[in-house]
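Just so it is clear, the structure is predicted and the values come from calculations on it, not from any experiment.
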Amino acid sequence: MATTENRARIGVDVGGTFTDVILQAPDGRVSIRKVLSTPPAYDRAVVEAVAGLTDGDPIGGVVHGTTVATNAVLERRGALTALVTTAGFRDVLELRRLRIPHMYDPFWRKPDPLVARRLRFEVHERTAADGTELAPVDEGEVRGIAAQLREAGVESVAVCLLHSYRFPEHEQAVGRVLREELPDTMLSLSSDILREQREYERSATTVVNAYVRPLMGRYVADIRRGLDGAGVEAPLTIMQSSGGVMTSADATERPVLALESGPAAGVVAALGMARRLGFENAIAFDMGGTTAKASLIENGVVSRSREYEVGGSLSGGSRLMRGAGELLRIPTIDIAEVGAGGGSIAWLDPAGGLQVGPRSAGAAPGPACYGRGGGDATVTDANVHLGYIPTGTLASGDLSVSSQLAEQALERIAGPLELSLAETAAGVHAIANARMTRALRSVSSEKGRDPREFTLIAYGGSGPVHALGLAEDLGCRTVLVPALAGLFSSLGLLFARPEFHDVYSCHLDARAVDRAEISRIFDALEARLAPSLAGAPAEWIRSVDLRYGGQSWEVEVELTRSIDDLLARFEDEHERLYGVRGEPGSPIEIRALRLAGLGPSSAVEGLGLADARDGAGGTRAAWFDGEQLDVPVRTRASIGETPEAGPLLIDEYDTTVVVRPGWTTLRDLATETLVLERR
């Protein structure tokens with residue numbers, strides 16, 4: 001996994017509208033490029049942007065974050081997938097869990113499974129929970145299933161047998177026969193993807209892996225082929241949802257681990273910046289062209305989750321909103337995501353009410369103001385009319401922003417609403433903020449945290465435009481806007497470390513557990529993960545899933561000292577999450593032991609940055625609280641260490657920082673970060 005020393009490294013983040021590329025030289029200096037994404041062939045923009053930055057210089061490594069797998073699930077355009085499972089468990093995907101996101105909606109329906117029932121096949125084998133073989137695998141039966149799969153034209157197969165998380169022999173036997181019979185069909189075994197109890201979670205995660213695997217395999221292969229053709233023969237690594245990176249080969253085998261790779265990179269970068277500035281508690285907020293994401297940083301540590309639901313109105317690890325999407329049991333940075341971005345389309349519902357998103361104009365055709373054929377009004381069009389976004393060329397000069405086109409799109413909504421353009425644009429902006437507040441509260445107040453005690457870190461192309469309005473809604477008094485805010489996720493890719501995870505499911509009495517047994521299990525997990533780290537210096541993180549006796553769900557707690565300390569911290573966290581704790585001496589169970597292995601970081605500390613809009617200046621008319629003001633336009637370089645009062649508009653290469661009235665801003669010279677405070 002290690003990259004070549006003394007060579008430049010590249011981070012590439014693909015979004016729904018833009019593809020961001022950052023090249024970091026060995027001395028820390030960076031070059032940047034922001035280009036339009038090229039759906040559906042997203043790899044084309046990646047290769048073109050990378051080739052445009054390298055200029056033939058040797059590259060030590062390319063780190064890539066992508067939402068290709070996520071989009072395939074959201075848009076239901078993955079592979080034709082089948083499921084092979086133990087007899088009696090054919091309908092696990094349909095039964096799901098008893099979670100209903102809309103409790104008082106009698107018309108709500110569960111989403112259709114990714115695998116149709118006709119493509120779910122049962123194998124009459126059985127292994128008991130203690131490993132006893134109750135019924136062997138019948139190879140003839142498996143070959144018969146393979147014939148049906150071949151006839152159906154299945155592209156990918158998921159195999160999930162009962163108790164294979166501990167005893168994978170039957171699953172491996174089925175996999176061996178299917179590989180012999182279907183050599184050109186992708187195969188995903190649950191024992192390779194998720195070695196955990198709970199049939200639905202394990203089946204759903206394995207199915208999603210199978211569903212996106214052919215698409216991800218082609219995508220990675222196309223990028224590799226394009227990079228080689230451009231003379232960039234450096235190793236290609238892919239960002240995981242957990243914030244670490246894996247090889248491109250691992251990503252094609254287990255793409256489910258990379259479903260949230262782009263957003264995770266931004267949180268990694270936000271964590272590094274918060275630590276440098278001394279902010280222990282922060283909310284990372286990323287608003288791009290299609291979605292807005294939020295994640296919590298608490299006590300200098302990123303909030304993590306073992307479950308993630310993708311495809312509902314709110315994608316994330318929320319305990320309160322579940323059941324509307326595909327549930328994944330994967331290690332992930334706890335990120336909540338909503339369909340509200342710069343390209344989100346404003347529309348009128350049947351009652352004539354104004355709505356925003358989740359449908360997005362994306363990169364093609366994009367917001368109306370880009371002049372690429374889009375006619376629907378978007379959040380970006382509203383911000384252009386409000387004066388927050390400047391007209392003229394954008395990013396690398398590939399686009400030109402037109403206020404006239406933005407107004408024409410807004411007129412289509414303003415007419416039926418009988419509102420002025422300014423009122424309509426302000427309404428679109430406010431509704432987008434309301435949608436994004438859901439994500440911000442999902443990672444804070446819904447988890448027992450008071451957002452007023454956290455600093456908001458805003459990035460993404462649209463994040464700094466909306467940040468202060470969101471901060472006022474949440475009660476946050478400090479907002480940080482990093483340099484290169486519009487390319488911040490690609491910057492985070494450069495700081496990601498190789499990362500691998502393993503788990504051992506068990507059922508132990510935490511108050512009477514044998515400490516030596518715990519150590520032996522962790523040693524075995526470490527031995528199993530060590531080869532993946534290729535001998536690189538590793539940091540091992542040990543954690544434990546705990547619950548009170550009789551509960552159905554666990555709380556994960558890191559094992560840092562003694563078991564007694566572990567139990568005390570579990571009870572504290574349980575009380576913070578749920579508002580209650582057990583009676584003294586209540587039974588506590590250990591349900592899983594988890595190990596994460598982290599390799600070294602390759603990033604150079606201290607990036608050399610330059611302001612790309614030194615020519616900005618003058619004033620621009622902008623709307624604040626229903627009043628149009630003549631607002632000074634500044635550059636980041638012109639902001640000093642002395643606080644300056646808003647309203648201000650700080651135009652940059654990749655975004656605009658909107659400093660609302662009632663706020664001040666200054667620049668931290670060491671990091672080039674803008675620090676905004678509410679007066």
Side-chain angles (χ1 to χ4, degrees), residues 69 73 78-79 81-97 113-115 119-129 131 133-135 137 142 145-146 149 154-179 182 185-214 216 240-241 250-259 306-310 326-332 500-506 525 528-529 545 591-592 594:
V73 176
T81 304
L83 171 65
V84 177
T85 188
T86 300
F89 291 83
R90 182 183 184 184
D91 295 318
V92 163
L93 292 180
E94 214 116 32
L95 295 173
R96 300 163 65 90
R97 292 289 178 194
L114 293 178
V115 179
L119 295 178
R120 303 200 293 264
F121 300 89
E122 295 180 320
V123 179
H124 292 83
E125 60 76 43
R126 197 62 173 256
T127 300
E133 185 180 68
L134 303 178
V137 174
V142 178
I145 291 173
L149 295 173
V154 167
E155 301 172 75
S156 190
V157 179
V159 182
C160 186
L161 303 185
L162 188 65
H163 301 309
S164 60
Y165 59 90
R166 286 283 299 277
F167 308 104
E169 292 79 13
H170 279 197
E171 197 168 271
Q172 291 167 351
V174 171
R176 184 169 56 253
V177 174
L178 291 178
R179 287 191 179 97
L182 305 168
T185 302
M186 298 283 190
L187 189 64
S188 299
L189 304 183
S190 73
S191 52
D192 294 333
I193 305 301
L194 179 65
R195 291 195 174 189
E196 286 193 46
Q197 287 177 302
R198 295 204 174 101
E199 287 308 296
Y200 168 61
E201 285 80 355
R202 191 156 55 91
S203 299
T205 303
T206 307
V207 163
V208 170
N209 191 83
Y211 186 72
V212 301
R213 189 175 168 191
M216 191 70 164
Q240 300 181 58
S241 304
D250 285 338
T252 58
E253 292 284 332
R254 296 187 292 172
V256 71
L257 298 179
L259 247 68
R306 290 292 168 181
E307 284 190 358
Y308 188 85
E309 187 170 293
V310 60
E326 301 299 325
L327 183 63
L328 307 175
R329 187 80 173 164
I330 58 173
T332 178
F500 299 90
H501 295 258
D502 208 344
V503 59
Y504 179 86
S505 294
C506 56
L525 292 175
R528 197 156 68 189
L529 277 185
D545 285 2
R591 298 295 290 162
R594 302 181 182 276

Measure the [atom1]-[atom2] distance between [X] and [Y] for me, rounded to the nearest 0.5 Å.
| X | Y | atom1 | atom2 | value |
| --- | --- | --- | --- | --- |
| E201 | R96 | CD | CZ | 10.5 Å |
| S203 | L327 | OG | CG | 11.5 Å |
| L187 | L178 | CG | CG | 5.5 Å |
| S190 | E199 | OG | CD | 7.5 Å |
| Y211 | L114 | OH | CG | 5.5 Å |

Going by the side-chain contact (heavy atoms from CB on, under 4.5 Å) test, name the single residue among L257, V256, V208 that passes it with I193.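 Answer to the side-chain contact (heavy atoms from CB on, under 4.5 Å) test with I193 among L257, V256, V208: V256.
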
Counterpart residues, side chain to side chain donor-acceptor pair (under 3.5 Å), relative to [X] (two or more places apart):
| X | value |
| --- | --- |
| S191 | E171 |
| E133 | H170 |
| R254 | none |
| E253 | R213 |

Can you tell whether the side chains of D545 and R594 come within less than 4.0 Å, N to carboxylate O?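 Yes, D545 and R594 are salt-bridged.
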
What is the minimum heavy-atom distance between [X] and [Y], and which atoms define it?
| X | Y | value |
| --- | --- | --- |
| A87 | H124 | CB-CD2, 3.7 Å |
| A251 | M216 | O-CG, 3.9 Å |
| A128 | H163 | C-CD2, 3.5 Å |
| N209 | S188 | ND2-OG, 3.0 Å |
| T86 | L162 | OG1-N, 2.9 Å |
| A146 | L182 | O-CD2, 3.7 Å |

Is the backbone of L161 close enough, under 3.5 Å, to the side chain of R202 for a donor and an acceptor to pair up by distance?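 It does hold such a pair.
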
Could you tell me if the side chain of [Y] sits less than 4.5 Å from the side chain of [X], heavy atoms only?
| X | Y | answer |
| --- | --- | --- |
| I330 | T205 | yes |
| V92 | T85 | no |
| T185 | L149 | no |
| R195 | Y504 | no |
| Y200 | L95 | no |

[X]: what forms a side-chain contact (heavy atoms from CB on, under 4.5 Å) with it, not counting sequence neighbours?
| X | value |
| --- | --- |
| D192 | L189 |
| T252 | V220 |
| A79 | T81, E155, S156, P214 |
| R90 | R117, R120, E122 |

By salt bridge (Lys or Arg N to Asp or Glu O under 4.0 Å) - contacts of R591 (at least two apart):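 Once residues adjacent in sequence are excluded, R591 has no partner under the salt bridge (Lys or Arg N to Asp or Glu O under 4.0 Å) criterion.
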
The criterion is salt bridge (Lys or Arg N to Asp or Glu O under 4.0 Å); which residues satisfy it with R176, sequence neighbours excluded?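 Counting only residues at least two positions away or on another chain, R176 forms no salt bridge (Lys or Arg N to Asp or Glu O under 4.0 Å).
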
